[in-house]
Structures are given as structure tokens and as C-alpha cells.
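All values derive from a computational prediction rather than experimental measurement. We name chains A, B, ... by the order of the sequence lines, and we start the count at 1 in each one. Computation of the quantities below employed the complete heavy-atom set of this structure, encompassing side-chain atoms and omitting hydrogens, waters and symmetry-equivalent molecules.
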Amino acid sequence: MESISEFRNPRSSSSMGSRKAREREMLDSVCSMIALVFFLVTCVELCDAATVVDVYRLIQYDISGAPFGSRLAKLNHHAGSLHFPPGADLSRTVLIIPVRDLNITFLQEYIAQRQPLGGLLFLLPRVFSFENKDDMRSNHQNQGNDLLKNVIAELEQLLIHANVPYPVYFAFEDDDIDAVLADVKRTDAIGQPATATTGGFKLVVSAPEPKKLISPTITNIQGWLPGLKTDGDASQLPTIAIVASYDTFGAAPALSVGSDSNGSGIVALLEIARLFSLLYSNPKTRGRYNLLFGLTSGGPYNYNGTQKWLRSFDQRLRESIDYAICLNSIGSWDNELWIHVSKPAENVYIKQIFEDFSNVAEGLGFKVGLKHKKINISNPRVAWEHEQFSRLRVTAATLSELFTAPELLESTGGLVDSRHFVNETAIIRSVKLVAESLARHIYGYQGNNIQIFADDSSLAVNPCYIQSWLDFLSRTPRVAPFLSKNDPFVMALKKELEDHTHEVNVQHEVLDGMFTFYDLTKARLAIYQVASVTFDLLLLLVLGSYLIVLFSFLVITTRGLDDLISIFRRPPSRKVKTA
Amino acid sequence: MTVFHFFNCAILTFGPHAVYYSATPLSEYDTLGTSIKAALVYLGTALVKLVCLATFLKVSENDSFDPYQELLKALIGFVDVAGLYFALTQLTHRNIAQNHKFQAVGLGWAFADSVLHRLAPLWIGARGLEFTWDYILQGIEANANLVLSISLAALGSLIWLRKNKPKTLIPIIYACAVIVATMPSITSYLRRGLGWHFPKVVGFELFTSLVMAFISCQLFAACQKPSA
């Protein structure tokens, strides 16, 4: 069959046919190669967003299994603003809310009614950023900031105690995001929220599913400064303990630097340790008391760390503690501090401590008040650190600027607790107060008006030391579950205590089972400006007509108008021919 | 949605080449081989130009217009012209009318240029979520480039393949050829020296390509007359 057809057809057409077949094969192979190359190149994924911003996720945690905080991390929705038309479907929209324009009641209702939402992005003023290197130390105490502080504090409490089933992120205002928000507000005002068919902005955070943190460690660091033991002393010297908890908790764990709660306490403790190490370095000025400095973790969680630390004590050591002073938030007060105790004021030891402190305070020019709060052993809530000591029958008191006991997860160094609102002079005065009172007790100068840590002496309180440590702490987020065992910050505290004390011990414990935390505190948000599908459809239409016009133009100019018409009339003409 | 945009831009960039091939008599005379050979010659000249640029050119820190560097780039650009000469004269073509030969060579040249310069950015960029007008403008630029390549091939074929030309037209032919050949330097001067934005530059390219096409068409027709 084939040979006959080959014989019949003229040679030229057969050669042309084979050439055509060869060319077609070549084209096919080229096409398949191109397809393979395309497939390989697809694997290259580049981020081509116009704007990329650092965002900080709302904390996600469980208390005894009850979920709190934001339960999701991945974000891939269109941006919307607060000016959305009422009744719009927001389940695929991320609301960008600057906290300056926040209406807290609206948000409260929205969350309480469990309305669907794609996500929330809160924009915080740059003042609260600890990465803002300039102006870190200036005290922005104007009215606007105070109002903003209250709004943000309220927002933080709302979000911490709510169960939010969509991602919530915090970001700082900057030019790019402000421009995006202005655009979004404009389109929302027209009344056309952004969806897949109308274009707009798309916010994308590609993050893995948040995982539970297994066995988060809390690390307690203690420094021991032994007192002067003369040969005749058979029994152990009495001990005075100075304690401060160093970890924080806030709505955005990556932003919880807690300058006042409890950065001020840590700084004061370190400075007191430094001063007493100077005194104790010389045997002639070494007191007859041991000094125990404790930097505890787990503060926001009912002072869990302090409890474990105390439980690890030797019975003798615990009994030798005369009293313990706990430092909590002493960085932004003006002229009154409070001593919180759990034993009644008539107690002999409490009386003595209070007298010491109030005498020194009088000399320094401010007031110290005494506040008594009974402990309820059956209530697991521990509001002050000294309560952990009292539960083990050790006399203790907390020095703080706060008047009322904070609730669970309140005043734990959250979003508003930034460097701007802390006053070094307040810390310096607190250090003087504690150091002088302790010295009078140790060296027995009760009631006398002698200043041991006078200014311009070698034992003066060093403001540069306080400032540099405060600045460092205000740049370090310190939420305990996210601090690893050998975190550089914990190592830094340990090294600092080693410089000032004789012996340092580090104790690693696991945080109590009541609290469970989930990871992923920081992410990068990519903002894309997207065009709608209708735009691309229109473009396709325009291109199609352009190509058709081009085709017709070329056919007309090169082959003539008849050819063009004949292309479109070909089917009927063939039919006519065969007929 | 964004693959859709890539598809649109690809149609804009490469569609006209296919349309040109199928609409003109090129498809009837089966000049695909010529176009493919011209594309390969373009590839070769691109490699040669790359090596020359890498050897002789300094990398400048800022995006300003350096006349010396631009002159060097223009000189290296003449390698392009040499490649075109090679494609038009040295490659053995089947018996194709000169009219169709320069069109096929110009088409292959322009197609290779589009693929090499515009396919990779298009693939990587247009598929992303972010929308910019750049790729559509790039497609329009590819269209202008097609017209310019065909005009350059036409003028080249007039210079090298046609032996009897009217004396008066020769300087005009050479002048037009020089203008078309130095188009890349002119656009780079506009973009860097005068600071024109991309849409303006593309508009200028489109305009000049149409003008040049018209002029070369007229020149070709004028040269056609004595032999006819």
C-alpha cells in the first residue's frame, strides 16, 4: 500500500512531506524541552512584594486546657480598614487598625459575638518600639501618650483573656504601611471592599502551624554573698534575701520588654548587689549577715519560679533567713512607695522593717506606706512575690510603686511598658532606700542619720550602671517559655551576679502544667498590590482584538484584501467546489 | 490569577511574531527554517557581545549616563549589525524571494531577542502576586522591537543584497540603517541621561519604530522600481 502511494505521488511532494514530518518532530521535541524547563523554573519562588514588614503575633496559650489568645498564624487575605460598609462579609478580610483610631467597645463586641474575621493587624505608634534607637531615653509624658497608654493597656487585657480564632498581629507604624492603609481607606470609603475580583492589597504571612512548647524551662539564678564569720560563731549567720523576678508576659511576647515590670527591679537588685559586694570585699566592712540575691523566673504565673526556688532550699538555710525584700516595679513613681506584707502590721519583724524603711525614706524626701494583704492558702493565686515566702513561714515584704495587687497576667510588662515611661531617678532613689535600710539593719545603725551610700562617695549609686542595664533590659523581650535554658540573656544575668557575689547557682525548672504555650512570636508580613481578575479578562480581550487587527492588517497589506476575505469564506467555497 | 497575567503578557510579547509569520506569505513559502537559523545567529552574536561587554566595560556604581561607556556599548552594538549581515548573506537559504528573506530573518532575529531578553523576567515576575505595569510595557516594547528588527533587516538587505540601487537613495539608506542600529543606545540615553520613565521610553520606541518601518518600506519600494 505504502509503495504504491509513494509511486503515485510526485517526488517533490513526498520529500516535502517527509521534511514537514521531520520539522514537526523537531518542533515537538523543542516544545517538550521548553515545557520541562518551565516546570523546573516554577520551583523558583521569589518574594516580590512591594512591602515587607516585621509583625509580632498575639500570644497563644492555654490555662488548664482553656484556650486563650490567637489560635492561628497563617494569613492570606485582603486588607480592609475600619471604614468597611456595614454588613460586609469580613471572613476573608484582615482589618488594619491603628491603635490611635481604636474603638475598644466595638472590638469587645466583635470578639464577644465571635463574628468571623480573616485577621487583625494592629498598628502601634513608633514610640513603643524598642528598636527605635533615637529618643529612647526622653520622657514622653505628654497627655496624648497617656491616653494612648490606657487604650493599649485595655486592648492588651482584652486580647489576652479572649479566645480569638483568627490571626492577630502587631506592627509598628511606618511610611509604607501608612500609605497602604490610606489606599485601603480610600477604596473602602467608595464602598467597594477588596476581594478577588476588585483588586486591592493582599496581606500574606506564610508561617507554619503553631506548635506547643514542650516543657518550657524557667531558670532561677541566685547569688550568695557570705557574711563575716568570726571564729567563735558555731551557728549559721542570719541571711537577708533580696529577690526580683525577671521575666515578663504580654500580648505580643516578642515585644514584652517590661522596662518597669520588672526591669526596674532587676536593675535595682544588680546595683544593690554591686554596692554590697564593694562593702563585703573588705573583711573590715563585711557585715554579720549573709546576703542572698535571687533573680527568679515564672513571675506572671503566680510566682511559680520563686516557689520552686524556695522549695529547693535546705531547711537550715530557710530558717536562717531573717527577712526577704522583693522588688517589683519601682521605676515610675514620684513620691510614694509601698511595702506590701502578708503578716499584720503589729508583727515585730514587720514593724522593724517598716521603721527602717520609713526612716530612710524620710531622710531621702519621700513617703513609704505599709499595705497588708492576707494570704488565702486555698487560693492558688499569688499576687506578690513575698507571699511565696510567707507560705513557707519566712518573713518577707514586697517593695513596689503599685498600690493594689495586680490580677493574674496584669502589670507583667506588656506592650505599654516601654523605656520611655521609666524614670532612672526613681530607680536610683529606690536603690538608695533599700541599700541604706539593709545597711542600717546589718550594721546596727538603726535610727541614726548616717548615709553610707552617699553621693560623691566611693559607694555612691552609679547612674550610668543603672541606665545601661535599663537600656539593655528594655531591648530584651523576656517571656519565660521562649527563653531557652542557655539563653544569652540568662547567661548575662548569671555573669553579672558572678561579678558581684561569691557563689552563683543556676536552677532550671519546668514551668507548672497549668500554663501551656505555643511558639511563633515573630513573622514577616508581605503586602502585595494585586490586580483583579476582571482587569486581566479585559486585558485578554484587548490583546485578542489587537492580535486580530494585526493579523488582518498584515494579510491586507501583503496578500491583499481578497485573501483576507477568502480566509473567512474558505469553508463554504470548498463545499461549493466538491458539489 | 497571576498565571493568567503571565499568559496575557506572554501573548502580548510573543503573539505578534506568530501572527506575523502566519499572516504574511512567509507561512506559504515555509520560511521557518530561515527564521530559526536567524535566531541561532542572534544567539551567537549575543554571546559575542556579552564577552566583549564583560571584557571592555566598567561596572558603574550609579545609574548615570556615561558618554564613554555608552559609546563603547554602541560600538559593541555594531556586532549586532555584523550578525545580521552574516544571517542575510552567508547562510544558505533556499530560493526565497529577497522580499521574504529579509522578513524571515528579521522575524527570527526579533523572536530570539524577545525570548532571550524578556522571557525570564516575565516568567519570574509576572507570576507573582504583586501587580505592576512593567510586563505589559515590556510586551509593547517587544512589539516595537519586532518592527525595528524587520526594518533593520530590510535596510540591511537593501545595502548588501541589492546591487543596483538609485544613487540618490544610498545615503538615506545608510542614514536610516545607522539610526535603527543605534536605537538601543538612544533609548539608554533617554532612560539614564534624560531620566525618562519606562512608559515614555516605550512610547518613543513605538513611535520611532513605526516611522522607521514606513521609511524603510518606502525605500524598499523605491529600490524595487528600477528592476521592475
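Proximity to chain B (any heavy atom under 4.5 Å) is shown, for Leu540(A), by both the backbone and the side chain. Residue Thr132(B) does not touch chain A at all, counting heavy-atom pairs closer than 4.5 Å. Looking at Phe553(A), there are no atoms closer than 4.5 Å to chain B (heavy atoms on both sides), in backbone or side chain. For Val204(A), the part sitting under 4.5 Å from any heavy atom of chain B is the side chain, from C-beta outward, and nothing else. Proximity to chain B (any heavy atom under 4.5 Å) is shown, for Leu537(A), by both the backbone and the side chain.
A salt bridge links Arg186(A) with Asp183(A): the closest approach of a Lys/Arg side-chain nitrogen to an acidic carboxylate oxygen falls below 4.0 angstrom.
Residues Phe170(A) and Leu58(A) come closest through the heavy atom pair CE1-CD1, 4.0 Å.
The aromatic rings of Phe111(B) and Phe14(B) stand perpendicular to each other, their planes meeting at an angle above 60°, with 30° marking the opposite boundary.
For the atom pair Met183(B) CE and Asn145(B) CG, the distance stands at 9.0 Å (nearest 0.5 Å). Remark: Leu550(A) CG to Ser545(A) OG distance equals 11.5 Å, nearest 0.5 Å.
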